[in-house]
Amino acid sequence: MNTPELFVASVTPFISPSGVVDHGWIVRHLRWLEAQGVDGVVPCGTTGEGQSLSVAERMAIFDTVLHHRGQLRVFAGTGCAALSDTIALTRYAIERGADAALVLPPFYFKNLSDDGLLGYYRALCDALPSGARLILYHIPPMSQIPITPAVIEGLYQSHPHMVYGLKDSGGDLAYLSMLRQRFPELRVYVGSAALLAQALREGATGGIFALSNVFPREMRAVMTAHLNGGDVETAQQRVTALSAALKPYGNPPALKALLARMADFPCTSSRFPLVDLTDEQADALWTAVRSL
């Protein structure tokens with residue numbers, strides 16, 4: 001049994017709700033995460049407010065993360081609604097040393113055909129260096145565009161060496177089970193912390209979690225228990241409880257508030273349209289977390 005891989009869907013710090021990115025904060029967070037034993041980070045994804053960042057801002061974040069990565073692996077979040085932006089970001093990240101790119105489907109037009117989505121990903125692959133590796137991003141609760149088996153099969157037919165894996169943030173174990181049965185060679189990273197133990201039993205490669213920004217050791221405890229035949233249920237119950245405590249507040253603002261209290265990070269903001277927690281909300285969240 002392979003050791004499950006733990007990745008952090010890393011937050012993006014802003015100096016104010018309409019301000020610029022705080023790159024010094026990112027470097028400090030990377031060092032803290034590396035010391036906590038995570039395997040890697042995923043900047044500019046959903047938790048990283050990637051769709052609230054310009055192409056230039058994302059490139060600058062990739063530069064910071066890749067320059068200060070240490071021993072961390074990096075999956076760069078590069079998906080955009082516009083194919084040209086996705087190509088530009090993905091080429092930039094891969095050429096500067098990202099291990100893979102996590103690519104959200106184009107999300108503005110709904111009810112896309114498999115041919116349309118497959119054409120988008122094939123055009124991306126055609127524009128990349130031959131050694132590029134992509135992680136498809138299945139997150140229909142946000143994008144409303146599923147990654148269907150037909151799209152995966154089509155990419156395996158045309159660009160088999162570029163399909164590195166898939167992040168499953170759909171929250172549907174039946175979908176994950178289907179992937180493991182139909183595409184046993186596909187690396188599947190679960191995105192729902194509450195489903196980690198079940199996903200590992202289904203054969204998931206590991207996970208990419210928002211919760212790992214603050215609670216990487218708790219996430220690792222589930223993986224270690226699974227690997228060593230330990231008490232998976234107890235470890236998973238704690239993770240599920242922590243996830244539930246954050247849910248009413250929204251992940252990026254809640255995670256940033258907790259990092260300031262738990263790890264003595266400087267206070268940082270999310271970008272509009274997300275709204276930072278009030279002091280009262282942050283206190284209530286901190287009390288709830290400490291009670292678990």
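This structure is a prediction, so every number in the text was calculated from the model and none was measured.
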For atom CG of Asn111, decide whether the heavy atoms of other residues, nucleotides or ligands shown that lie under 6.0 angstrom number more than 12. no
Atom pairs and distances, donor-acceptor, side-chain atoms in residues 237-245, under 3.5 Å, two or more places apart:
from	atom 1	to	atom 2	distance (Å)
Gln237	NE2	Glu233	OE2	3.3
Arg238	NH1	Leu292	O	3.3
Thr240	OG1	Gln236	O	2.9
Thr240	OG1	Gln236	NE2	3.0

Could you check whether the rings of Trp25 and His29 sit parallel, tilted or perpendicular, using 30° and 60° as the cut-offs? tilted
Tell me which one of Leu258, Leu246, Val8 satisfies side chain to side chain contact (heavy atoms under 4.5 Å, CB included) with Leu211. Leu246
For the residue pair Tyr120 / Thr86, report whether a side-chain donor-acceptor contact shorter than 3.5 Å exists. yes
Would a distance-only check, ignoring hydrogens and angles, find a side-chain to backbone donor-acceptor pair under 3.5 Å from Ser291 to Ala288? yes
Which residues pass the salt bridge (Lys or Arg N to Asp or Glu O under 4.0 Å) test with Asp115, sequence neighbours left out? none
Kindly work out whether a path of hydrophobic side-chain contacts (I/L/V/M/F/W/Y, heavy atoms less than 4.5 Å apart) joins Leu136 to Val74. yes
Tell me the closest heavy-atom pair linking Pro146 and Leu117, and the distance in Å. O-CD2, 3.6 Å
Stacked cation flag Arg28 on Phe265, 6.0 angstrom / 45 deg: yes
Ignoring hydrogens and angles, tell me if any N or O in the side chain of Asn213 forms a donor-acceptor pair with the backbone of Ala210 under 3.5 Å. yes
Treat each ILVMFWY residue as a node, draw an edge where side-chain heavy atoms are under 4.5 Å apart, and state whether Val232 and Leu227 are in one component. no
Are Tyr164 and Val103 linked, directly or through other ILVMFWY residues, by side chains that come within less than 4.5 angstrom of each other? no
Any donor-acceptor N or O pair under 3.5 Å, side chains Asp22, Thr268: no
Side chains of Thr46 and Tyr137: do they bring a donor and an acceptor to under 3.5 Å? yes
Look only at the side chain of Gln144 and the backbone of Phe107, and say whether a donor-acceptor pair between them is shorter than 3.5 Å. no
Pairing donors with acceptors under 3.5 angstrom, does anything connect the side chains of Ser270 and Lys256? yes
Under the side chain to side chain contact (heavy atoms under 4.5 Å, CB included) rule, what do Arg217 and Thr224 come out as? Steps first, then yes or no, please. CA-CA 10 Å; Arg217 294 186 182 276; Thr224 300; over 6 Å; no
Could you give the distance from SG (Cys44) to CG (Leu104), rounded to the nearest 0.5 Å? 12.5 Å
Does Met142 have more than 12 heavy atoms from other residues, nucleotides or ligands lying within 6.0 Å of its CE? no
Charged N to carboxylate O below 4.0 Å: is that the case for Glu57 and Arg271? yes
Hey, could you give me the CG/CG distance between Leu173 and Leu195, rounded to the nearest 0.5 Å? 5.0 Å
I'd like to know if the side chain of Asp126 pairs up with that of His159 as donor and acceptor (distance under 3.5 Å, no hydrogens or angles considered). yes
Indicate yes or no for a side-chain donor-acceptor contact from Ser212 to the backbone of Ile208 under 3.5 Å, with no hydrogens or angles considered. no
On a heavy-atom basis, which atom in Val151 and which in Leu118 lie closest, and how many Å separate them? O-CD1, 3.7 Å
Could you check Arg122 against Gln157 for side chain to side chain contact (heavy atoms under 4.5 Å, CB included), going step by step and ending with a plain yes or no? CA-CA 10 Å; Arg122 281 177 167 167; Gln157 290 170 6; 4.3 Å; yes
If the threshold is 4.0 Å, N to carboxylate O, is there a salt bridge linking Asp63 and Arg58? no
Test side chain to side chain contact (heavy atoms under 4.5 Å, CB included) on Leu179 and Ile152; report intermediate values, then the result. CA-CA 10 Å; Leu179 291 177; Ile152 299 170; 3.6 Å; yes
Heavy-atom check, side chain of Tyr156 versus side chain of Phe183, under 4.5 Å: yes
Just by modelled atom types, is the Gly230 backbone N or O under 3.5 Å from a matching donor or acceptor in the Asn228 side chain? no
Shortest non-hydrogen contact from Leu53 toward Gly48: CD1-O, 3.8 Å
Leu72 and Leu30: which non-hydrogen atoms are nearest, and at how many Å? CD1-O, 3.8 Å
With no hydrogens and no angle check, do the side chains of Asn251 and Thr47 hold a donor and an acceptor under 3.5 Å apart? no
Side chain proximity check, Pro17 to Val275, heavy atoms < 4.5 angstrom: no
Hey, would you say the Tyr189 and Phe75 ring centroids sit under 6.0 Å apart? yes
Quick check on the hydrophobic clustering: are Leu102 and Leu186 connected, directly or via other members, by side-chain heavy-atom contacts under 4.5 Å? no
Rounded to the nearest 0.5 Å, what separation is found between the NE2 atom of His23 and the OG1 atom of Thr64? 4.5 Å
Would you call Glu153-Arg182 a salt bridge at under 4.0 Å N-O? yes
Check for me, please, whether Ile147 and Leu83 land in the same ILVMFWY cluster - side-chain distances under 4.5 Å, paths through other members count. yes
Can you name the nearest heavy-atom pair linking Leu277 to Ala254, along with the distance? CD1-N, 3.8 Å
Any side-chain heavy-atom pair from Leu196 and Met223 closer than 4.5 angstrom? yes
Nearest 0.5 angstrom please: Leu259 CG to Arg261 CZ, how far? 11.0 Å
Spacing of Arg73 atom CZ and Leu6 atom CG [to the nearest 0.5 Å]: 11.0 Å
Closest heavy-atom pair and its distance - Pro106, Leu112: O-CD1, 3.7 Å
Side chains of Phe7 and Pro216: does their closest heavy-atom pair fall under 4.5 Å? no
Can you confirm whether Leu128 sits close enough to Leu124 that some side-chain heavy atom of one is under 4.5 Å from a side-chain heavy atom of the other? yes
Would you confirm whether Arg133, through its side chain, and Ala100, through its main-chain N or O, come within 3.5 Å as a donor-acceptor pair? no
Quick one: pull up OG1 in Thr205 and CG in Leu166 and give me the separation to the nearest 0.5 Å. 10.0 Å
Apply side chain to side chain contact (heavy atoms under 4.5 Å, CB included) to Ile15 and Ser269, showing your working. CA-CA 6 Å; Ile15 64 169; Ser269 291; over 6 Å; no
Can you check whether Thr90 reaches Leu134 side chain to side chain, under 4.5 Å on heavy atoms? yes
With side chains defined as the heavy atoms from C-beta onward, is the minimum distance between Gln281 and Tyr249 less than 4.5 Å? yes
Does the side chain of Tyr121 come within less than 4.5 Å of Pro105's, by heavy atoms? yes
Checking Arg180 now: which residues fulfil salt bridge (Lys or Arg N to Asp or Glu O under 4.0 Å) with it, not counting sequence neighbours? none
